[in-house]
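Note that ligands are numbered from 1 as they come in the structure, with each ligand's atoms numbered from 1 the same way. Everything numeric here is computed off the predicted structure, so don't read it as measured data.
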Amino acid sequence: MKYSAPRGTVDILPDSCEKWEKLERILRTVASNYHVREMRTPIFEHTELFNRAVGDTSDVVTKEMYTFADRKGRLMTLRPEGTAGIARAYVENKMYALPEKLTKVFYMGPMFRYERPQNGRQRQFHQFGVEMLGVESPYVDVECMMMALTVVKALGLKNVTLHLNTLGDADSRDAYRAALQDHFRPVLGELCSDCQARFDKNPLRILDCKVDAHHPAMKSAPKTIDFLTDSAKAHFDKVCELLDMLEVDYVIDTNLVRGLDYYSHTVFEIISDDPKLGSGSTVGGGGRYNGLVEELGGPATPGVGFAFGMERLMIALEGADEEETAGIDAYVMPLGDEAKDVAMQIVAMLRANGFATDMDYASRGLKGQFKSADRFKAAYSIILGEEEVQGEFVQMKNNRTKEQTKVAFEDIVKTLEKGLGLE
Ligand code: HAM
């Protein structure tokens, strides 16, 4: 039997891992620039958490979750997104009681959604996400959007646009919901079966439908902005005013509702027109979720955040300069069985002294071993055959200058330090 990786998953091989590390480094730098600290939550959670948080009318919960019963029959789900786990952990660890009112965290890691795999869409994918909890202020919405845009800029992503909308507060949403039902009721029979189900439960979701996206009723649908309460409108106006003040370009997109149920007020997406991603592709999105923490049993706590799909960021990075693979400090080349034992001890000693070191285990001749030293970009080759072992010395070759010298065992570390300029 031949095994292959499950559909929608990929192996990230060593060369790509170096690019991933580069991406992660850039993201960590932006996070520290915004004074946002890392937080890690479990890869699986109780299924009920996602039903509650993400919402049982969302596609993510109804169609895309990887759910299984554990050995005691409890339903568990591989996390399809990060916000629910962060909000759960925030409540469980009483982070709302921390002296700082605003908690700002980021996370990076795998997420799982049973979707049809295509360019930039996988079943196991990665997100870089940010959550800011504890302060209800349009300034924090803008802090989030600015951070998302800084990520985009730091990665050199071109042709991206910030799309923005507001869903308002609970009262705005109720009024809007009723207006949407009035609007779609006459054409309900022409919409897909999903939309017909959404009509009663969550008519907002109709605007998010991929199947009915081109139905004429979509374009003429009422806009959230026209149903805002005064305070919801003031919040959104301030967000726009702050973005204007910071000279950020954005587009108000009244059909932007996002696919998850926890949002209220500001929602946003960063959409790329990079042909490598497929035009109009969403690289990241987020918004405010003021009811979520309370829904999960915590005190009323506002929150806002966003997440980027890291595969999509990687595709965008692809054009960037190739990373130089870092070389090792020394490659130890034994000739003969006896030399191998000693080589292993030298390797252990060099590693203990902090040098990145490797050796040949394949019993090859000198030529093959020198080729490896070259491929590994080793600064030094350390050669030892029978004569060297007897005499307790090695031949050390500086692979840059090609100079080769005889060095006693006890002087190897010193010679490396000197040669690498670490003295
Ligand atoms: P989301 O829009 O569902 O939001 O996902 C965020 C990003 O994850 C998407 O824009 C996309 O780049 C990436 N993504 C989603 N599904 C896939 C997939 N199957 N393959 C590859 N990439 C994918 C959230 O998850 C929210 N938790 C964001 C948030 C944080 N809102 C507030 N705080």
Side-chain angles (χ1 to χ4, degrees), residues 6-10 12 23 27 36 39 41 45 49-50 53-55 58-61 63-66 78-90 103-133 140-141 143-145 147-148 151-152 155 157 160-165 167 205 208 210 256-272 274 277-278 280-293 301-316:
R7 188 165 143 77
T9 69
V10 295
I12 304 177
L23 170 63
L27 295 170
V36 173
M39 180 156 163
T41 62
E45 299 267 2
L49 173 70
F50 300 114
V54 176
S58 65
D59 279 358
V60 169
V61 166
K63 300 183 192 158
E64 297 171 2
M65 293 208 303
Y66 277 93
L78 299 182
R79 61 182 187 190
E81 60 99 55
T83 312
I86 295 283
R88 197 255 323 126
Y90 180 85
T103 300
K104 303 199 289 185
V105 294
F106 78 88
Y107 49 89
M108 277 193 246
M111 308 286 163
F112 306 84
R113 295 186 192 178
Y114 193 87
E115 291 193 84
R116 206 157 60 81
Q118 48 183 262
N119 189 22
R121 188 188 300 156
Q122 293 169 194
R123 291 184 174 167
Q124 175 173 338
F125 62 100
H126 297 76
Q127 277 187 352
F128 167 76
V130 170
E131 311 296 345
M132 302 192 180
L133 293 129
V140 186
D141 300 24
E143 163 102 337
C144 267
M145 285 185 260
M147 181 166 171
V151 165
V152 158
L155 295 173
L157 243 85
V160 291
T161 325
L162 171 64
H163 286 235
L164 191 65
N165 192 21
L167 304 177
R205 197 59 357 96
D208 207 27
K210 288 167 197 118
L256 179 67
V257 291
R258 306 269 305 132
L260 316 167
D261 283 356
Y262 47 60
Y263 292 113
S264 55
H265 291 283
T266 317
V267 285
F268 63 94
E269 285 189 348
I270 297 203
I271 296 180
S272 160
D274 190 323
L277 283 161
S281 157
T282 306
V283 268
R288 190 160 267 292
Y289 46 86
N290 286 349
L292 181 59
V293 170
T301 307
V304 56
F306 66 86
F308 278 105
M310 291 175 72
E311 279 73 13
R312 297 182 191 183
L313 297 180
M314 282 293 290
I315 292 174

| Hey, does Tyr289 come in under 3.5 Å of ligand 1, counting only N/O atoms on both sides? | no
| note | ligand 1 atoms nearer than 4.0 angstrom to some heavy atom of Tyr263 are 26 (C), 28 (C), 29 (C), 31 (N), 32 (C)
| Between Thr83 and ligand 1, does any nitrogen or oxygen pair lie at a separation below 3.5 Å? | yes
| said: If we ignore hydrogens and angles and just use 3.5 Å, is the side chain of Thr9 paired with the main-chain N or O of Gln124 as donor and acceptor? | reply: no
| task | For Glu311 and ligand 1, answer yes if some heavy atom of the residue is under 4.0 Å from a ligand atom, otherwise no. | result | no
| Taking NZ, NE, NH1 and NH2 as the nitrogens, is one of them in Arg113 or Glu81 under 4.0 Å from a carboxylate oxygen of the other? | no
| Any nitrogen or oxygen of Tyr262, main chain or side chain, under 3.5 Å from a nitrogen or oxygen of ligand 1? | yes
| message | Contact between ligand 1 and Gly129 is defined here as a heavy atom of the residue under 4.0 Å from a ligand atom; is it met? | response | no
| said: Can you confirm, on distance only, whether ligand 1 has an N/O atom lying under 3.5 Å from any N/O atom belonging to Gly309? | reply: yes
| said: Looking at ligand 1, would Gly120 count as a contact under a 4.0 Å heavy-atom criterion? | reply: yes
| query | Does some side-chain heavy atom of Leu164 sit less than 4.5 Å from a side-chain heavy atom of Leu256? | reply | no
| request: Quick one: sort the Phe106 and Phe128 rings into parallel, tilted or perpendicular, breaks at 30° and 60°. | output: tilted
| Distance, nearest 0.5 Å, that separates NE2 of His163 from OG1 of Thr161 | 4.5 Å
| So is Arg113 polar-close to ligand 1, meaning N/O to N/O under 3.5 Å? | yes
| task | Would you check the N or O atoms of Val304, main chain and side chain alike, for any that come under 3.5 Å of an N or O of ligand 1? | result | no
| message | Heavy-atom distances under 4.0 Å decide this one: backbone, side chain, both or neither, for Arg258 against ligand 1? | response | side chain
